[in-house]
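One structure below.
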Amino acid sequence: MDTTKLNKSANPAVRMIGHQGIHHLEVGNTCSGFVAAGNRTYWGIETDVHVTADGQYIIIHDDNTINTTGDDFVVEETDCATLRSLTMLDYTDGNGHTRADLRLPLLSEYIRICRKYGKKAVLEIKNPVAPEHIQGIVEEIASLGWLENTIFISFSHDNMVELRKLLPDAKLMFLTTHPADGELLDLLLPWRLDLDIAWPVLTREGVELMHENGIEVNVWNVDEVELAERLLSWGVDYLTTDILE
């Protein structure tokens with residue numbers, strides 16, 4: 001039960017982000033996973049937030065709970081109390097057994113763990129979210145004193161635009177599987193967005209193009225040492241991983 005160690009000598013400044021905590025050691029997107037990352041050397045801890053039917057903010061990756069708990073609930077159509085009553089499945093030992101101690105975390109629980117361990121919160125807002133909930137998420141994190149230590153990411157460009165309107169100086173990263181090219185620059189530059197990109201579509205030339213335009217590059221999810229070393233040699237600024245440390 002340990003991470004795979006990575007030599008960062010090719011790029012000592014790269015900032016390592018634990019994906020969903022440490023997804024290969026603990027159940028992803030759980031408080032135990034976040035604590036496991038908090039107790040290690042990660043610069044940041046990534047997770048996913050959804051809005052429930054009653055307007056609460058809950059941590060889960062999928063739109064449906066079936067793969068997480070075995071129960072068939074659409075997250076955004078279900079109230080928070082029902083979602084919180086579900087127990088999660090643990091596949092980390094290959095069995096997929098129910099863990100009564102694991103529940104879907106609230107956004108506030110995740111932020112408190114990041115704050116306790118001094119880790120940057122890298123928060124993916126899943127799906128397009130109404131502006132009032134973008135504001136609600138921001139206000140909740142601000143109330144916990146961790147807004148300046150939170151990086152917002154999303155596949156929804158509309159979410160990014162609403163966040164920029166609220167947070168003129170915040171670090172915002174647009175999630176994409178699109179190659180790092182001129183077309184992508186047109187989405188990033190007007191709103192001063194950095195890039196959070198899937199590693200299979202990233203090239204050395206793409207990293208250089210982004211850097212020439214003042215855009216930082218976060219790459220996900222990188223779990224093999226040889227791949228990570230290659231990406232570090234290209235000069236990526238952040239590396240999101242399930243297991244590397």
Side-chain angles (χ1 to χ4, degrees), residues 17-21 23 28-31 33-35 37-38 42-65 68 73-84 86 103-176 187-188 191-196 216 218 220 238 240:
I17 298 169
H19 180 239
Q20 299 182 14
H23 192 26
N29 283 342
T30 61
C31 289
F34 303 146
V35 169
Y42 295 99
W43 178 84
I45 302 173
E46 186 269 355
T47 198
D48 312 276
V49 66
H50 283 262
V51 181
T52 66
D54 51 345
Q56 303 301 304
Y57 308 123
I58 200 161
I59 302 300
I60 184 173
H61 180 274
D62 295 350
D63 294 345
N64 191 293
T65 61
T68 304
F73 290 96
V74 176
V75 175
E76 294 178 356
E77 298 175 1
T78 307
D79 64 273
C80 187
T82 298
L83 294 168
R84 291 275 283 176
L86 308 177
R103 310 279 174 151
L104 301 182
L106 297 174
L107 172 62
S108 58
E109 293 171 328
Y110 159 72
I111 293 294
R112 287 190 175 97
I113 292 170
C114 289
R115 185 181 67 189
K116 177 177 180 177
Y117 291 94
K119 305 297 184 181
K120 300 293 183 180
V122 182
L123 182 64
E124 179 178 351
I125 299 180
K126 302 293 288 189
N127 304 330
V129 172
E132 59 266 29
H133 287 303
I134 295 285
Q135 182 170 348
I137 290 168
V138 168
E139 290 177 349
E140 183 161 321
I141 297 171
S143 73
L144 295 168
W146 210 241
L147 186 58
E148 292 183 357
N149 292 287
T150 299
I151 296 173
F152 294 95
I153 64 178
S154 183
F155 282 102
S156 168
H157 194 262
D158 289 343
N159 286 349
M160 294 283 96
V161 170
E162 290 300 325
L163 283 162
R164 179 56 73 212
K165 292 175 182 177
L166 285 173
L167 303 169
D169 300 317
K171 173 71 73 175
L172 307 179
M173 294 181 176
F174 182 53
L175 274 164
T176 188
L187 293 175
L188 302 178
W191 299 98
R192 293 179 290 112
L193 305 177
D194 289 304
L195 177 61
D196 197 344
E216 290 193 319
N218 181 7
W220 54 273
Y238 307 82
T240 300

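Note that OG of Ser108 is 9.5 Å distant from CD of Gln56, once rounded to the nearest 0.5 Å. From Glu139, atom CD reaches atom CG of Leu144 across 12.0 Å, with rounding to the nearest 0.5 Å. Here CG of Leu106 is found 8.0 Å from CD1 of Ile59. Values are rounded to the nearest 0.5 Å. Between Leu188 atom CG and Leu195 atom CG the span is 6.0 Å, to the nearest 0.5 Å. In this structure, NZ on Lys120 lies 14.5 Å from CZ on Arg115, to the nearest 0.5 angstrom. The distance from atom CG of Asp48 to atom NE2 of His61, rounded to the nearest 0.5 Å, is 5.0 Å.
You'll find the side chain of Leu187 stays beyond 4.5 Å of the side chain of Leu193, heavy atoms only. Side-chain atoms of Ile125 and Leu163, non-hydrogen and from C-beta on, do get closer than 4.5 Å to each other. Within the 4.5 Å cutoff, side-chain heavy atoms of Val138 are placed close to those of Phe152. Looking only at side-chain heavy atoms (C-beta outward), Gln135 and Leu166 come within less than 4.5 Å of each other. Using a 4.5 Å heavy-atom threshold, the side chains of Asn29 and Ile60 count as separate. Contact check for Ile45 versus Tyr117: no side-chain heavy atoms found under the 4.5 Å cut-off. With contacts defined as side-chain heavy-atom distances shorter than 4.5 Å, the pair Thr47/Phe34 qualifies. A 4.5 Å side-chain heavy-atom check between Trp220 and Glu46 finds every atom pair outside the cut-off.
Across all their heavy atoms, Asp194 and Glu216 have their closest contact at OD1-N, 2.7 Å. Across all non-hydrogen atoms, the minimal contact from Ile111 to Ala121 is CD1-CB, 3.9 Å. Minimum interatomic distance between Ala53 and Glu77 (heavy atoms only, all atoms of both residues): CB-C, 3.5 Å.
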Original post:
What do the steps show when you test Thr52 against Asp54 for side chain to side chain donor-acceptor pair (under 3.5 Å), and what is the final call?
Top reply: CA-CA 5 Å; Thr52 66; Asp54 51 345; 2.6 Å; yes
**OP:** Evaluate the criterion side-chain contact (heavy atoms from CB on, under 4.5 Å) for residue pair Leu167 and Leu147; output intermediate values, then yes/no.
**Re:** CA-CA 10 Å; Leu167 303 169; Leu147 186 58; 4.0 Å; yes
Subject >> Steps toward side-chain contact (heavy atoms from CB on, under 4.5 Å) verdict (Tyr110, Val49) >> reply: CA-CA 10 Å; Tyr110 159 72; Val49 66; over 6 Å; no
Subject >> Trace of the side-chain contact (heavy atoms from CB on, under 4.5 Å) decision for Ile137 with Leu123 >> reply: CA-CA 10 Å; Ile137 290 168; Leu123 182 64; 3.9 Å; yes
Original post:
Would Ser156 and Val129 satisfy side-chain contact (heavy atoms from CB on, under 4.5 Å), going step by step from the backbone distance to the final call?
Top reply: CA-CA 9 Å; Ser156 168; Val129 172; over 6 Å; no
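Residues meeting the ring pair (Phe, Tyr, Trp, His ring centres under 6.0 Å) test with His133, sequence neighbours left out: Tyr57. With sequence neighbours excluded, the residues forming a side-chain contact (heavy atoms from CB on, under 4.5 Å) with Thr78 are Phe73, Thr82, Leu83, listed by chain and number.
Between Arg103 and Glu109 no salt bridge is recorded (no basic side-chain N to carboxylate O distance below 4.0 Å).
No hydrogens or angles considered: nothing links the side chains of Asp62 and Thr68 as a donor-acceptor pair under 3.5 Å.
Counting only distance, with no hydrogens or angles, the side chain of Arg164 and the backbone of Ala170 share a donor-acceptor pair below 3.5 Å.
Remark: Glu148 CD is loosely packed, at most 12 non-hydrogen atoms of other residues, nucleotides or ligands lying under 6.0 Å away.
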